[in-house]
J.: 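Have a look at the structure that comes next, please.
To find a chain, count down the sequence lines: A is the first, B the second, and so on, and within it residues start at 1.
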Amino acid sequence: MPAITLPDGSVRPFDGPVTGTAVAEAIGPGLARAALIMKLDGKLVDMSTVVTADANIAFVTRRDEDALEMIRHDAAHVLAEAVQELFPGTQVTIGPSIENGFYYDFARNDPFTPEDFPAIEAKMKEIVARGAKFVRQEMDRDDAIAFFMAKGEKYKAQLIQDLPKDQTISLYSQGDWVDLCRGPHLRSTADVGMAFKLMKVAGAYWRGDHRNAMLSRIYGTAWRDQKELDAYLHQLEEAERRDHRRIGKDMGLFHIQEEAVGSVFWHPKGWKLYRTVETYMRRRLDSNGYQEVKTPQLVDRSLWEKSGHWENYRQNMFVAQVEDENKFLALKPMNCPCHIQIFRQGMRSYRELPLRMAEFGCCHRYEPSGALHGIMRVRQFTQDDAHIFCTEDQIASETARFIELLSSIYRDLGFPEFRIKFSDRPEARIGSDAEWDKAEGALREACAIAGVSFELNPGEGAFYGPKLEFVLRDAIGRDWQCGTLQVDPNLPERLDAEYVGEDGARHRPIMLHRAILGSFERFLGILIEQYAGRFPLWLAPVQAVVATIVSDADGYAEEVATAFRRAGLDVRTDLSNQKINAKVREHSLAHVPVLAVVGRNEAANRTVALRRLGSQAQEILPLAEAVARLKAEATPPDLRDAEGATEIA
RNA sequence: GCCGGCAUAGCUCAGCGGUAGAGCAACUGAUUCGUAAUCAGUAGGUCCACAGUUCGAUUCUGUGUGCCGGCACCA
């Protein structure tokens, strides 16, 4: 006698076991038509699921967010059926829903190409139009394996083989086509709708392991209706316009060329941006108790042998050989061993701890060719690196302090939101469980003190200690690790760093590796995308252009530019023989934040007409006032008389 | 590194088995104009590199390099 409680609190009794479909029908024909799937005591299940006991049920319709994921999951099934109909002999593997869409991995000798899409999409639409019901069937494990083996689906058989012994094996069929699937599903393929599109093909390793076979993956996007799909496609186009590689070229910020793959040629404007951020960072570090150092680029192999890098990281290192001497030097892939060399000079006391040693350290890493991406992933990059030498007891407070500094800097640079991932102990690790407990506990405590939450990234810590990763998102939704903090008791041990404690004995310090931007290259790439090249005045490489309307104003324009320049602004003049319309357009496209227009009127009255990027309004101000205003606005956030400038004591 | 795609003027791109074209930018001249394109003219290319097929290759084939999208990697 199940009594069904609905979201509005009302209760409906039923005489006996009842399917979700029947419950929906009992409530009303409209709901019965709209209900795609139901939430049974909070868990999504098929509409055909039989309810035998008292339960809470909520029906999910196309309007609900939950419907999206189901539509995408089912679209993956429809894709798989379409592919197998069109390309017999193709084996299916897995096909989940993902952010914005779905994918399906197929095993096939000839990988798919985008040219196959029109046919596959047409077939998918045909399958959706057929509207075959999704039917769930449970099968005995061995039967299921035999079933898929008989169909030549070795990957599916393998999947079942590896499922836990006690797990129910369920299959879903849509017409004649059957797939191994945990479910749940919508009612029929018709519920997928037509608002989907195949996006790209890609190779992907079976089970994400590069030792396995390469499968052919097809990515698609799917939405609740055409309007949503169109909006998404439009958003993608917009995102492409923000691409830092596009903007870097258009604004003349940097370039990369074949002779120096993975290394950036910074042009004057790009370097100006770089220097503005670097100068800002240096001020923040200086006022936060860091000591800046500079260490060598080329370091003898012997140090890398001691640090362990020669053994474990060599395939990523650029090695230089000196002709006259039988020596190998390596370009440093990281700064830590060098910083320990400075720490080791002389005798250190516990009174010096925590000792915060910072370097804008240029590192080289031979990254895999396929990993390179614009200036976001390069082979030569400069980290805003620092190492905090401290005691075990200082880890939590130093980490909390670091998170606060990082948050303040991200906020200043236009990233009020960011994600934190907490990577804890991996399988392969050194150190005792007690030591790991302590280090992980300290990072947790630090997050609590700083008032930030994190997502757990289980087992992803370094072999020597746990870490926090601070993640920012680029224009098209890819996540990039920027900031990081890692607890490391290992390297001080290997490179013999020590200090004299309060007790007069020698102790090993803990080393906290930390970076806020991560690397200038990556961070600037994200910064460019964040602002789409329309930087706030203090960051903009060219801050203002003084443009004339008539050549009679040339002299005054120079005067205005000089006044701006004296106020510390990077200003250009545009005295060219063009209409003001053309000048406005040109400098707007170049993302210059302030356009100061001067014509006969301004010259006569000693005023300027200011026009802001993105606005059509103009403001006529006396020259002195314009200078004062822009100067104030161009002041970096940490130097303004606001609360944001307060430093941690 | 692996799978797929791409490589033509500074940029965005078209094109073809008979050694190349547009728009924008650049340059020259005219125009002095009030807030997102003034007009006219000129110049600009080893069609990524190497090898092969061919009477002839920028075009077809192969190899390499680089880039793009994923995957793997990311101390």
J.: Given that both distances must come in under 3.5 Å, which nucleotide forms a Watson-Crick or G-U wobble pair with B/rG17?
T.: none
J.: Does A/Tyr205 contact B/rG1 through a side-chain donor or acceptor facing the base, at a distance under 3.5 Å?
T.: yes
J.: Which nucleotide in the list B/rC73, B/rA75, B/rG70 gets nearest to the side chain of A/Ala202?
T.: B/rG70
J.: Could you state the CG-P distance from A/Asp554 to B/rU32, rounded to the nearest angstrom?
T.: 14 Å
J.: Quick one: label A/Arg377 by what it contacts on the DNA or RNA (base, sugar-phosphate, nothing), any heavy atom closer than 4.0 Å.
T.: base
J.: Mind checking if A/Gly461 touches a base, just sugar-phosphate, or nothing, with heavy atoms under 4.0 Å?
T.: nothing
J.: Counting only side-chain N and O atoms of A/His373, is one of them less than 4.0 Å from OP1 or OP2 of B/rG69?
T.: yes
J.: Partner of B/rG4 by Watson-Crick or G-U wobble geometry, both contacts under 3.5 Å, or none?
T.: B/rC68
J.: What's A/Ala547 touching, base or sugar-phosphate or nothing? Going by heavy atoms closer than 4.0 Å.
T.: nothing
J.: The side chain of A/Leu372 is closest to which nucleotide in this list: B/rA72, B/rG34, B/rC67?
T.: B/rC67
J.: Using a 4.0 Å heavy-atom cut-off across all strands, classify A/Tyr103 as base, sugar-phosphate, or nothing.
T.: nothing
J.: Mind running salt bridge (charged side-chain N to carboxylate O under 4.0 Å, His left out) on A/Glu311 and A/Lys306 for me, showing each step along the way?
T.: CA-CA 9 Å; A/Glu311 191 187 350; A/Lys306 279 185 219 150; over 6 Å; no
J.: Name the closest nucleotide to the A/Val597 side chain, picking from B/rU35, B/rC73, B/rC71.
T.: B/rU35
J.: Between B/rA36 and A/Asn581, is there an OP1 or OP2 to side-chain N/O distance shorter than 4.0 Å?
T.: yes
J.: In this structure, how many angstroms lie between the P atom of B/rG5 and the CG atom of A/Asp110, rounded?
T.: 11 Å
J.: Measure from the side-chain heavy atoms of A/Thr113 and tell me the nearest of B/rG4, B/rG69, B/rA72.
T.: B/rG4
J.: Answer with base, sugar-phosphate or nothing: what part of the nucleic acid does A/Pro111 contact at a heavy-atom distance below 4.0 Å?
T.: sugar-phosphate
J.: Can you identify which nucleotide, out of B/rU32, B/rG34, B/rC67, has its nearest atom closest to the A/Ile549 side chain?
T.: B/rG34
J.: B/rC74 C1' sits how many Å from A/Arg365 CZ, rounded?
T.: 8 Å
J.: Check whether any side-chain N or O of A/Arg600 sits under 4.0 Å from OP1 or OP2 of B/rU32, and answer yes or no.
T.: no
J.: Please report the closest heavy-atom contact between A/Leu621 and A/Ala626, naming both atoms and the distance.
T.: CD1-CA, 4.0 Å
J.: Taking 4.0 Å as the cut-off, does a side-chain nitrogen or oxygen of A/Arg478 come that near to OP1 or OP2 on B/rG69?
T.: yes
J.: Whom does B/rU54 pair with, Watson-Crick or G-U wobble, provided both distances fall under 3.5 Å?
T.: none
J.: When both hydrogen-bonding distances must be under 3.5 Å and the geometry is Watson-Crick or G-U wobble, what is B/rG29 paired with, if anything?
T.: B/rC39
J.: Which is true for A/Leu491 with a 4.0 Å heavy-atom rule: it touches a base, it touches only sugar-phosphate, or it touches nothing?
T.: nothing
J.: Which listed nucleotide (B/rU65, B/rG4, B/rC74) is nearest to the side chain of A/Glu258?
T.: B/rU65
J.: Please assess A/Phe254 against A/Phe265 for the test ring pair (Phe, Tyr, Trp, His ring centres under 6.0 Å), listing each intermediate value before the final yes or no.
T.: CA-CA 5 Å; A/Phe254 58 81; A/Phe265 289 80; over 10 Å; no
J.: Just compare B/rC33, B/rC11, B/rG70 and give me whichever is closest to any side-chain atom of A/Arg217.
T.: B/rG70
J.: Go ahead and name the base partner of B/rC73; Watson-Crick or wobble counts if both distances stay under 3.5 Å, otherwise write none.
T.: none
J.: Please classify the nucleic acid contact of A/Lys579 as base, sugar-phosphate, or nothing, using heavy-atom distances under 4.0 Å.
T.: base
J.: Out of B/rG70, B/rG1, B/rA36, which has the shortest distance to the side chain of A/Gln616?
T.: B/rA36
J.: Using a 6.0 Å distance limit plus a 45 degree cone around the ring axis, check whether A/Arg211 lies over the aromatic ring of A/Trp206.
T.: no
J.: When the distance from CD of A/Glu602 to C1' of B/rU32 is rounded to whole Å, what number comes out?
T.: 15 Å
J.: Would you mind telling me which of B/rC33, B/rC11, B/rC2 lies closest to the side-chain atoms of A/Lys249?
T.: B/rC11
J.: Base, sugar-phosphate, or nothing: which does A/Ala462 touch, judged by heavy atoms less than 4.0 Å apart?
T.: nothing
J.: Under a 3.5 Å cut-off for both distances, is B/rC24 Watson-Crick or wobble paired, and to whom?
T.: B/rG10
J.: In terms of the nearest nucleotide of RNA chain B, which residue is placed more toward the 5' end: A/Gly262 or A/Gly370?
T.: A/Gly370
J.: May I have the distance from A/Met199 (atom CE) to B/rC68 (atom P), rounded to whole angstrom?
T.: 18 Å
J.: Can A/Glu359 and A/Lys332 be counted as an ion pair, charged N to O under 4.0 angstrom?
T.: yes
J.: Checking all strands, does A/Asp488 fall into the base, sugar-phosphate, or nothing category for heavy-atom contacts under 4.0 angstrom?
T.: nothing
J.: Base, sugar-phosphate, or nothing for A/Asp552, non-hydrogen atoms under 4.0 angstrom?
T.: nothing
J.: Can you confirm if the aromatic rings of A/Tyr104 and A/Phe106 lie within a centre distance of less than 6.0 Å?
T.: yes
J.: Does B/rC47 pair with anything, Watson-Crick or G-U wobble, both distances under 3.5 Å, and if so, with which nucleotide?
T.: none
J.: Would you kindly give the CG-to-P distance between A/Leu472 and B/rC74, to the nearest whole Å?
T.: 21 Å
J.: Any donor-acceptor pair under 3.5 Å joining the side chain of A/His587 to the base of B/rA36?
T.: no
J.: Contact class for A/Ala204 (heavy atom, under 4.0 Å): base, sugar-phosphate, or nothing?
T.: sugar-phosphate
J.: Counting only side-chain N and O atoms of A/Arg245, is one of them less than 4.0 Å from OP1 or OP2 of B/rG69?
T.: yes
J.: Taking only the side-chain heavy atoms of A/Val584 (C-beta and beyond), determine which of B/rG70, B/rU12, B/rA36 contains the nearest atom.
T.: B/rA36
J.: Kindly indicate whether a cation-pi arrangement holds for A/Arg379 with A/Phe381, taking the cut-offs as under 6.0 Å to the six-membered ring centre and within 45° of the axis.
T.: no
J.: Using a cut-off of strictly less than 4.0 Å, decide whether A/Arg246 has a side-chain nitrogen or oxygen near OP1 or OP2 of B/rU12.
T.: yes
J.: Cation-pi check for A/Tyr103 against A/Arg217: NZ or CZ below 6.0 Å from the six-membered ring centre and within 45 degrees of the axis, yes or no?
T.: yes
J.: A/Leu485 has an atom CG; how far is it from atom C1' of B/rA75, in whole Å?
T.: 14 Å
J.: Could you check if a side-chain atom of A/Tyr366 sits within less than 4.5 angstrom of a side-chain atom of A/Val319, using non-hydrogen atoms only?
T.: no
